[in-house]
Amino acid sequence: MRLSEHTYRTVSSIRGPLIFLNRVREVRFGEVVRIIHPEGGSLEGEVIKIDGDTVLVQVMGETRGLDTGSAVIFSDAVKRAPLSVEVIGRIFSGSFAPLDNEPPYIPERWGAISGAPINPVARARPQDFIETGFSTIDALNTLVRGQKLPIFSCAGLPAKEMAAGILRNARLAGGGQFVVVFVALGLTHHEYSYYMDVLAGMQGGFAAFINRAGEPVIERLLAPRFGLAVAEYLAFCHAMDVLVLITDMTNYCDALREVSTAREELPGRRGYPGYLYSDLSSLYERAGRIRGLAGSVTMLPVVTMPEDDITHPIPDLTGYITEGQIVLSRELHQQGIFPPVDVLPSLSRLMQQGIGEGQTRSDHRQLANRLYRHYSRGRDLRRLEAIVGRDGLSGKDRQMLDFADVFERELVHQGNVRRTVAESLDTGLALMQRFALEG
Amino acid sequence: MSGTITGIAGPTVTVDLKGLRMYEIVLVGKAGLTGEVVRLERERAVLQVYEDTRGLAVGEPVRGTARPLTAQLGPGLLGGMFDGLQRPLEKLLERDGPFISGGSSASVLDSPRQWHFIPVKGPGDRVTAGETIGQAEEGAFRHLVSAPRDGVLASLAAGSYSVCQAVGSYDDGSPISVCQEWPVRSPRPCRRRLPPTEPLVTGQRVVDFLYPLARGGTAIIPGGFGTGKTILEQSVAKFSDVDLVVYVGCGERGNEMAELLEEFAGLNDPWTSRRLMERTIVVANTSNMPVAAREASIYTAVTMAEYFRDMGYHVLLLADSISRWAEALREISSSLEEMPGEEGYPTYLASRMAGFMERAGVVETMNGTVGSLSMILSVSPPGGDFTEPVTQACLRTAGAFLMLDASLAHRRHFPAVNWFQSFSLYEQTMVQHFSRIVDAGWTEARRRCRTLLQREEALREVAEIVGLEGMQEQDHLILHSAERIRLEFLCQNAYSEDAFSSPEQIMAMMNRILADHERLEGRLAAGDTLEAALGKGGDEHASQ
Ligand SMILES: Nc1ncnc2c1ncn2[C@@H]1O[C@H](COP(=O)(O)OP(=O)(O)O)[C@@H](O)[C@H]1O
Ligand SMILES: [Mg+2]
């Protein structure tokens, strides 16, 4: 173990965001370094490869203006976050610098930002119902405490209105409040002010990590890790129920691709690195509950599907890791339906645990199954109707077509009205009765 | 022998240690992380480290262990949950708390627990490697203890022993214990391989009836996310008619592992009524756990599975998902800067996969009994596209292909096994078996069921042209019965009482639907309309 920081002035080359140094000794993999800018100030970097005494450093920020005479200080430590309940109510940059002109706080402890995997046998199964106020979620794709459930959106769809609706309205079954950790990656100014208004109204408090569109790309890789280190700390050291909203994961993945390309790594599908799945897992899998501990981390990432394509690697790999997905549809949006959730490709994998007697209502499971069955039948028939016309269909089939329409207009669509789960289920029940439908 | 770390890049660590062998295990750094030698050069060795290397420094010490990655095999594995390196996760939890930290080594079977050993051989007996020399009592499970090698026994005595104690010795003085070690990357030997002849009954109607699997066979379940791979794997783990299940959560979700443990703890094996966990071993290396250990996890699992096969048991290995293993292989290969093949996977992907799947089979074991090792592997093709390299590599070796269909899953038709594109190479043999054992009508019922499904498909195409109204009453009947087959028979809700069907129940259910169909055909022939015939109670099960 080295006892102090070491300074080297042995930069041999600088290439994009990468710096090579020679004759460096006893360096750690992942070690944080500080690069002194010749024009004043400093930049942070991380050791990403060591070969003998040659060290490769990834610079967090612009290398513009650096030269081979720049001094590099090695810290002997991996990247850590200052943890304290004092983060609640604070707004930070993507590299954890305060943006709110408040004084810094004294950390209770420092935690490695990449965290450590939760031992699978230590996990408690997520199961407590969370009421979001949206029928398409509460009745048909139920969210539970400790789940990770992304919103798959398309450019121009109201994902942020939906995310904001969930932030405002999410209630735990016992009536408890969430503490929100908000991680913004590559946000436009417009989106930024929208979300800040929403956060200001949060009763349970929030901590925000904001990286805006014009800010360093590399911070998009750090901000979620800071946010999750904080969320884990609040949940598992202070027994809080934390809701982590990350938007937009597509910007995260693009940042990862950019950095990977700069490192000259082998590109995978669509240029994203081959380790994208493992990397995304290292974020998403930090949601959960732990046996014997009270708190929880529930995660709502927003993913904008490039080209509206759900098979694009970003939504695809996300869907492979998260516990379901809420999929927004351009078609429903164009019909003025809000939230424009297409329930057929949507899924909550943990729904079974969160519904029924004692959680929502005893008829929930059966009702949800039936609504799905009839709606998907109606949707299938729309295709047939387009070919043979409405008259070519039997009376029963015409009825299913109408059911699908009314389902979208009355159950899916709710505008800005918050519905309790009972109201959502009753809406569904009323639909079934109106069409005299049973199993 | 000792040396130091000279380079680090992700999980790849270079050391200046000499005298290492390929695939030898090396303890890396002050924390003692586990690494495996993957490349040897004159002056240095390249290791693949099984744990997070962040914080590791050059100059830290490394130490060879002179042995490859091994699994410990003996009583005490059943009901256990291990990571990809076979570290017991419960013990790690007790010792280190809920988060896994690097360098924790907890040995698998080191518990002080005593096992009662009853010998079947005695001093002076000549034994051959793999021959049964006695039995350890592990609950209701007959745990056979075998001779580690050929030789003459000098002693062997009944009594209670911990896994480290000697139960006897050879005449050259070397000790014998109830536990042994085996290098995970080498298949355990058998006397000879036999063809699969018995069905692997899974309790899933679509599988057992349409695409039957074989004990000792291999099957793959490819499907995009949300198509039901994990639920199908878990259902099969719960209900299949085997002696022992090894379940590998390979690079998937942590919560699924918690769910599996919690659910299995409350369930019984439907065939023996014993606790389900008593026949289950779980290997969990979730997606956020180190990638190199994920790569190793399937070998750790298959070695444990072979160990029980060698006692003459029918063992089923389930892996969810083999694609994550392939991706781990890709990540390691790329950090070694190997030349990439298709989609960045190393060119040896297919041969490694085949080598792994070859470890399934029915064998005559070294102790002369017959055991089987079956494999069901889920595959997670990117974008749900089955032309990708992993699905294709699996297809070359797999005996059955249960294709999960996203459009069925979106309609909540589960298990979403596509009934046109799936196949089972064991079909003929197994159908004959079911016809013999369950019901002589099995073959004919299958044929009729298939015909109805095929005619439905054809009629749907017609309907797209002429509309449903333009069709014959007979056609409507086919659509009606095919719909019943789909909704009542092929769909099987894993969260309900219906989650398991025995072959007898499968037959009864199919016969009911077919009998109704026949009765209705009769009515139509007599001039009734379908609606009228249905109204006359010709179809009492339709509304169930
Ligand atoms: N047999 C089944 N019965 C009822 N629901 C099922 C069944 N199989 C799958 N599902 C539903 O589909 C969801 C996804 O299944 P899962 O096995 O997790 O998919 P995959 O592993 O392919 O991503 C489950 O959460 C459940 O809601
Ligand atoms: Mg799965």
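So you know, we letter chains A, B, ... as the sequences are listed, proteins then strands, and number each from 1. Both backbone and side-chain heavy atoms feed into the values below; hydrogens, waters and symmetry mates do not.
If you tally non-hydrogen atom pairs under 4.5 Å between each of Asp53(A), Thr322(A), Asp309(A) and chain B, the highest count goes to Thr322(A). Taking Gln147(A), Glu385(A), Arg365(A), Gln325(A) one by one and counting their heavy-atom pairs under 4.5 Å with chain B, the maximum is reached by Gln325(A). For the set Arg44(B), Met257(B), Arg330(B), Glu256(B), the entry with the most heavy-atom pairs within less than 4.5 Å of chain A is Arg330(B). Ranking Ile310(A), Leu56(A), Val388(A) against chain B, the residue ahead of the rest is Val388(A), based on heavy-atom pairs under 4.5 Å. Contact tally against chain B (heavy-atom pairs below 4.5 Å) for Tyr372(A), Phe236(A), Tyr375(A), Tyr284(A): the top residue is Tyr372(A). For the set Gly226(B), Gly344(B), Gly59(B), Ala284(B), the count of heavy-atom pairs under 4.5 angstrom toward chain A peaks at Gly226(B). If you tally non-hydrogen atom pairs under 4.5 Å between each of Ala9(B), Ser287(B), Gly7(B) and chain A, the highest count goes to Ser287(B). Interface check for chain B: of the options Asp316(A), Leu317(A), Thr311(A), Asp279(A), the most heavy-atom pairs under 4.5 Å are formed by Asp316(A). Looking only at heavy-atom pairs under 4.5 Å with chain A, the residue among Asp16(B), Thr6(B), Ile5(B) that has the most is Thr6(B). For the options Gly384(B), Ser380(B), Ala328(B), Ala406(B), heavy-atom pairs under 4.5 Å to chain A are most numerous at Ser380(B). The candidate from Arg253(B), Glu337(B), Met289(B) with the greatest count of non-hydrogen atom pairs under 4.5 Å with chain A is Arg253(B). Note on Gly52(A), Gly30(A), Gly324(A), Ser282(A): by heavy-atom pairs under 4.5 Å with chain B, the leading option is Gly52(A).
Applying the side chain to side chain contact (heavy atoms under 4.5 Å, CB included) test between Pro120(A) and each of Leu260(B), Ile100(B), Val282(B) identifies Ile100(B) as the sole match.
Judged by the 6.0 Å and 45° rule, Arg87(B) forms no cation-pi pair with Phe82(B).
Interface remark: Ile290(A) contributes side-chain atoms only to the contact with chain B (heavy atom separation under 4.5 Å). With a 4.5 angstrom heavy-atom cutoff, Pro313(A) does not touch chain B via any of its atoms. Contact annotation for Tyr320(A): both backbone and side-chain heavy atoms come within less than 4.5 Å of a heavy atom of chain B. Thr54(A) does not touch chain B: none of its heavy atoms, backbone or side chain, sits under 4.5 Å away.
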Could you please spell out the steps behind the side-chain contact (heavy atoms from CB on, under 4.5 Å) verdict for Asn369(A) and Asn493(B)? CA-CA 11 Å; Asn369(A) 285 342; Asn493(B) 191 329; 4.3 Å; yes
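Under a cut-off of 6.0 angstrom, the local environment of CZ in Arg23(A) is sparse, with at most 12 non-hydrogen atoms contributed by other residues, nucleotides or ligands.
A salt bridge is defined here as a Lys NZ or Arg NE, NH1 or NH2 lying under 4.0 Å from an Asp or Glu carboxylate O, and Arg291(A) with Glu262(B) fails to meet this definition. Taking the charged nitrogens against the carboxylate oxygens, Arg125(A) and Glu263(B) do have a contact shorter than 4.0 Å, which makes a salt bridge. One finds a salt bridge joining Glu285(A) and Lys148(A) here, because a Lys/Arg side-chain nitrogen approaches an Asp/Glu carboxylate oxygen to under 4.0 Å. Between Glu46(A) and Lys79(A) no salt bridge is recorded (no basic side-chain N to carboxylate O distance below 4.0 Å). Using a 4.0 Å cut-off between a side-chain N of Lys or Arg and a carboxylate O of Asp or Glu, Lys229(B) and Asp320(B) do not qualify as a salt bridge.
Residues Leu534(B) and His480(B) have side chains in contact (heavy-atom distance under 4.5 Å, counting atoms from C-beta outward).
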